[in-house]
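Presented below is the structure to which this report refers.
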Amino acid sequence: MHAIRVASAALLGVTALTLSASAALAGNGDGNSDSGRDSGRGNNNITSFGFNVQPQSVAAGGRLRLNAESCDSATRVSSGVFDTVTIPKGQSSATALIDGDARAGAVYEVTFQCGNESGHTELTIAPGRSETGGHTGQSQLPAPVQRGAKAGVGGSVGGGFDLKEICLGTALIAGCVGTAWSMSRRRATDDES
């Protein structure tokens with residue numbers, strides 16, 4: 001009789017941990033990350049280097065910041081809506097000028113090439129024209145921020161804490177501990193009578 005109770009409690013604990021791990025792994029399926037290692041929109045475009053465009057929607061003739069981090073060589077960035085730009089080794093960003101004849105509402109693929117590896121993200125052309133169209137003066141984008149290496153962060157980049165997942169995991173573990181405690185108390189009472 002005792003072995004059945006122990007096996008039931010163990011099975012309940014393993015089931016709870018399995019379900020909470022599955023929920024945690026499935027929680028990052030929105031694909032709406034715009035920086036870090038997965039900058040594609042839902043296409044599982046994962047690379048060893050981080051890349052993104054800022055802003056993701058820009059008017060024809062506007063300026064676009066191209067960011068690439070953790071690339072050990074020069075990064076080539078190309079698209080059908082601007083000339084190919086090279087981000088030199090040791091730098092993390094460059095600026096591209098969007099073609100003045102770009103169609104509003106069109107979505108263009110931007111390709112980042114770092115060595116033998118490439119990643120893609122999308123750029124949407126916003127309606128209207130940019131105030132800086134064709135102007136060769138100072139860029140209105142803020143200056144790039146120099147950061148240290150992102151060493152040792154593992155899989156924690158870009159995800160952050162999701163309160164819903166934390167609460168669900170805590171509730172599952174608390175339920176397992178409470179059930180095990182209840183079953184052990186019930187067993188102690190049954191043994192005394």
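- Inter-residue side-chain proximity for Leu123 and Val58 is flagged as met; some heavy-atom pair is nearer than 4.5 Å.
- If you take CG on Leu163 and SG on Cys167, they are separated by 4.0 Å, rounding to the nearest 0.5 Å.
- Of all non-hydrogen atoms in Ala60 and Ile125, the two that sit nearest each other are N-CG2, 4.0 Å.
- Screening residues 57-83 for ring pair (Phe, Tyr, Trp, His ring centres under 6.0 Å) gives no qualifying pairs among residues at least two apart or on separate chains.
- Put simply, CD on Gln56 and CD on Gln54 are 8.5 Å apart, with the number rounded to the nearest 0.5 Å.
- Without hydrogens or angle criteria, Thr86 side chain to Pro88 main chain gives no donor-acceptor distance under 3.5 Å.
- Judged by distance alone, the side chains of Ser48 and Glu117 do bring a donor and an acceptor atom under 3.5 Å apart.
- Between atom CZ of residue Arg76 and atom OG1 of residue Thr84 there is a gap of 5.0 Å, rounded to the nearest 0.5 Å.
- Atoms OG and CZ, from Ser92 and Phe49 in turn, are 13.5 Å apart once rounded to the nearest 0.5 Å.
- Between the side chain of Ser182 and the backbone N or O of Gly178 there is no donor-acceptor pair closer than 3.5 Å.
- The two residues Val53 and Glu122 have their closest heavy-atom pair at CG2-O, 4.1 Å.
- Residue Pro127 comes nearest to Ala104 through the heavy atom pair CA-CB, 3.7 Å, listed as atom of the first residue, atom of the second, then distance.
- Taking all atoms of both residues into account, the shortest heavy-atom contact from Ile87 to Ala94 is CG1-CB, 3.7 Å.
- At least one side-chain heavy atom of Val77 sits less than 4.5 Å from a side-chain heavy atom of Val110.
- Between the Ser79 side chain and the Glu109 main chain, a donor and an acceptor come within less than 3.5 Å of each other.
- Taking 4.5 Å as the limit, every side-chain heavy atom of Thr95 sits out of range of all side-chain heavy atoms of Leu66.
- Rounding to the nearest 0.5 Å gives a distance of 10.5 Å between CG of Asn67 and OG1 of Thr75.
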| field | Criterion side-chain contact (heavy atoms from CB on, under 4.5 Å) on Asn52 and Thr121, from CA distance to verdict | value | CA-CA 7 Å; Asn52 67 15; Thr121 190; over 6 Å; no

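- For the residue pair Arg63 and Pro55, the shortest heavy atom distance occurs at O-CD, 4.3 Å.
- Scanning for side-chain hydrogen bond (donor to acceptor under 3.5 Å, both in side chains) contacts around Thr111 gives His120, with sequence neighbours left out.
- Residues satisfying the disulfide (SG to SG under 2.5 Å) test with Cys71, not counting sequence neighbours, are Cys114.
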